[in-house]
Every structure is written in C-alpha cells, then in structure tokens.
Amino acid sequence: MEIGFIGLGNMGGPMSRRLIEAGHKLTVFDTRKEAMEPLVKLGAEAARSPADVAARVETVMTSLPSLTIGMKVVGGEDGIIRGNRVRRYVDLSTTGSRAARDTYEVLKPRGIVQIDSPVSGGVAGAEKGTLAVMVSGPRDEVELVRAALEVFGKVFYCGDKPGLAQSMKLANNFLSATGMAASSEAIAMGVKAGLDPSLMVDVINAGSGMNTATTQKFPRSVLPGTFDYGFGMGLMVKDVRLFLEEAESFGIPLE
C-alpha cells in the first residue's frame with residue numbers, strides 16, 4: 001500500500017526501511033535531509049513537509065519524540081491536516097491517552113481517522129521486526145493497515161476508544177523503567193559488597209529477579225560501558241511522567 005512516514009529517527013528509520021523492504025510504497029519526511037537520503041535510495045519519495053506527505057497518500061504514519069512535535073506535525077501550518085488526500089493517521093509515537101484524545105478532536109472534523117499504535121521493543125526490535133505493536137481505533141480501519149503494522153512485529157488490538165493503546169504503552173514503559181531502576185540499585189549494592197556485576201547478572205537471569213534490564217540492557221550496554229541501548233533517558237522520563245499523570249487522573253496517586 002501507499003504510506004507516508006514522518007519521523008525517521010532511531011525507531012522511525014528502521015521501521016520505514018522495513019516497510020519498503022516489504023513492498024510498500026513510501027513517501028517520507030524528516031526535518032533532517034540526511035535521514036531521508038538512505039530511504040530515497042531504497043525507493044522512497046521525499047516530501048517537503050507533513051502537509052506534502054498528506055497530500056500524496058491516504059495513510060500517514062508518524063514516529064516522533066515529543067508531544068509538542070507531534071501536535072505541530074498534525075495541526076501546524078504545514079501539518080497533516082493541510083493535506084487533501086490523507087484519510088487515516090497512524091501514530092507510532094508514545095504520547096499518552098490525553099494527547100491521543102486531543103489529536104482525535106483535531107482530526108475528526110476533517111474526516112481523518114486516528115489509529116493509535118505505539119510500539120515497544122527498542123531499536124533492535126524495530127530493525128528485526130519483533131516489536132510489540134499496540135493498536136486502538138476503529139477495527140475496520142485497523143484491519144486496513146494491519147498488514148503494514150505486522151511488518152513491525154506482533155499486533156495487539158486494544159479497542160476502538162482513542163488512547164487505549166497509549167494507556168497500554170505507558171503501563172509497559174512504567175514497568176520497564178522501574179525494572180531498570182530497581183536492577184541498577186540491586187547491582188550497585190552487590191558491587192559495593194564485593195560481587196562481580198557480570199556474575200550478578202548471570203545469577204539474576206537464572207533466578208526470579210530476571211527482567212529485560214538484566215537480560216538485555218545490562219549485558220549489551222551497561223556492563224560493556226557503552227550505555228547506549230537505543231532509548232534515551234529523556235524519553236523514558238517523559239513516558240514515566242505521562243504514566244503518573246494518567247494514573248492520577250484515574251484516582252491512583254503514585255509517589
């Protein structure tokens with residue numbers, strides 16, 4: 001199918017590449033020309049703006065780093081709503097349910113269907129096509145793009161209410177963040193006691209303390225000292241804050 005893809009960063013870059021390799025025809029946009037060049041070489045067409053993308057295709061996907069950028073891409077002067085061909089908007093970013101509902105209200109008067117579809121699994125998952133793809137929106141519209149979403153990984157339909165997939169993603173990322181924080185504290189304590197950190201990771205992964213921090217992040221990035229596992233601390237802080245805001249809106253105070 002013809003797809004527009006906006007946001008070609010750590011996640012968007014490999015996801016858009018996988019779409020091309022799967023035979024989909026892509027029109028891409030990123031504020032960085034160098035991010036578009038490798039995809040153009042693979043056959044994608046480069047657009048001048050989000051509005052230009054939305055004027056060329058019916059289905060537009062985005063993978064963006066912040067709420068502010070997301071709202072600008074959707075409703076700004078050169079935003080998606082200025083395009084006259086777009087029919088559905090698939091947001092692969094993590095924005096939280098409130099922002100998803102706000103975006104829904106912006107798109108609805110223009111007849112543009114919103115599909116929330118945040119993903120989990122990091123850069124490695126985006127490159128391999130093994131992401132968890134959470135989706136909410138009208139089921140018939142989701143089915144129209146399911147084949148494209150399955151290029152990214154396993155699709156989980158969360159319901160038709162705007163923001164449900166975002167709530168699922170925030171719950172996931174909150175658990176991921178707490179696992180990383182708790183694992184760091186535990187291993188720091190053991191090292192101060194005189195234990196070898198590599199031994200600690202091996203033991204934890206053979207026992208009940210195992211989690212994605214100990215099975216993936218520590219072996220690949222923390223123990224080697226690179227500290228680069230494809231997801232910046234700023235993004236994790238953003239997601240945790242969004243989770244806390246959502247939990248508090250439901251009367252669940254977390255401190």
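Basis for what follows: all heavy atoms, side chains included, without hydrogens, waters or symmetry-related copies.
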Below 4.5 Å, heavy atoms only, C-beta onward: do [X] and [Y] meet side chain to side chain?
{"X": "V133", "Y": "F156", "value": "no"}
{"X": "E245", "Y": "V240", "value": "no"}
{"X": "P138", "Y": "D160", "value": "no"}
{"X": "T103", "Y": "Q114", "value": "yes"}
{"X": "I6", "Y": "V28", "value": "no"}
{"X": "V74", "Y": "V106", "value": "yes"}
{"X": "R220", "Y": "D228", "value": "no"}
{"X": "T130", "Y": "F152", "value": "no"}

Are any side-chain N or O atoms of [X] and backbone N or O atoms of [Y], one a donor and one an acceptor, separated by less than 3.5 Å?
{"X": "Q166", "Y": "S93", "answer": "yes"}
{"X": "S136", "Y": "A165", "answer": "yes"}
{"X": "K169", "Y": "V119", "answer": "yes"}
{"X": "E2", "Y": "K25", "answer": "no"}
{"X": "S16", "Y": "G13", "answer": "yes"}
{"X": "R18", "Y": "E127", "answer": "yes"}
{"X": "R82", "Y": "G76", "answer": "yes"}
{"X": "H24", "Y": "M1", "answer": "yes"}
{"X": "T214", "Y": "M210", "answer": "no"}
{"X": "S183", "Y": "M180", "answer": "no"}

Measure the [atom1]-[atom2] distance between [X] and [Y] for me, rounded to the nearest 0.5 Å.
{"X": "K192", "Y": "I187", "atom1": "NZ", "atom2": "CD1", "result": "13.5 Å"}
{"X": "L67", "Y": "K72", "atom1": "CG", "atom2": "NZ", "result": "15.0 Å"}
{"X": "L64", "Y": "T95", "atom1": "CG", "atom2": "OG1", "result": "10.0 Å"}
{"X": "L107", "Y": "I81", "atom1": "CG", "atom2": "CD1", "result": "7.5 Å"}
{"X": "L242", "Y": "L170", "atom1": "CG", "atom2": "CG", "result": "5.5 Å"}
{"X": "L149", "Y": "L92", "atom1": "CG", "atom2": "CG", "result": "7.0 Å"}

Is it true that [Y] and [X] share a donor-acceptor pair across their side chains at a distance under 3.5 Å?
{"X": "E246", "Y": "S167", "value": "yes"}
{"X": "Y89", "Y": "T62", "value": "yes"}
{"X": "S120", "Y": "N172", "value": "yes"}

Might you point out which heavy atoms bring [X] and [Y] nearest each other, and give the distance in Å?
{"X": "I115", "Y": "V145", "answer": "CD1-CG2, 4.0 Å"}
{"X": "S63", "Y": "M11", "answer": "OG-CB, 3.9 Å"}
{"X": "D30", "Y": "L8", "answer": "OD2-N, 2.7 Å"}
{"X": "A213", "Y": "P219", "answer": "O-CD, 4.0 Å"}
{"X": "A22", "Y": "V151", "answer": "CB-CG2, 3.8 Å"}
{"X": "G137", "Y": "Y157", "answer": "O-OH, 2.7 Å"}

Please say yes or no: joined through hydrophobic side-chain contacts below 4.5 Å, possibly via intermediate residues, are [X] and [Y] part of one cluster?
{"X": "L175", "Y": "M236", "value": "no"}
{"X": "L26", "Y": "L42", "value": "yes"}
{"X": "L39", "Y": "M61", "value": "yes"}

Side chain to side chain contact (heavy atoms under 4.5 Å, CB included) between V53 and V57: does it pass, once the steps are laid out? CA-CA 7 Å; V53 173; V57 299; 4.2 Å; yes
Would E21 and R17 count as a salt bridge (Lys or Arg N to Asp or Glu O under 4.0 Å) if you check the C-alpha gap in whole Å, the side-chain angles of each, and the deciding distance to 0.1 Å? CA-CA 6 Å; E21 292 173 348; R17 174 183 55 78; 3.0 Å; yes
Under 30°, 30 to 60°, or over 60°: which ring-plane class applies to F174 and F243, parallel, tilted or perpendicular?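 Parallel: the ring planes of F174 and F243 meet at under 30°.
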Test log, rule side-chain hydrogen bond (donor to acceptor under 3.5 Å, both in side chains), inputs S176 and K217: CA-CA 11 Å; S176 178; K217 296 165 189 174; 3.0 Å; yes
With sequence neighbours excluded, what pairs up with E37 under the salt bridge (Lys or Arg N to Asp or Glu O under 4.0 Å) test? none
Would you please name every residue forming a salt bridge (Lys or Arg N to Asp or Glu O under 4.0 Å) with R146, sequence neighbours left out? E143, E150
side-chain hydrogen bond (donor to acceptor under 3.5 Å, both in side chains) contacts in which one or both residues fall within residues 38-51, not counting sequence neighbours: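 Qualifying pairs: E45-R56.
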Please step through side chain to side chain contact (heavy atoms under 4.5 Å, CB included) for the pair V90 and V60, ending with a clear verdict. CA-CA 6 Å; V90 183; V60 177; over 6 Å; no
Working for side chain to side chain contact (heavy atoms under 4.5 Å, CB included), residues M15 and F5: CA-CA 9 Å; M15 283 194 288; F5 205 107; 4.1 Å; yes
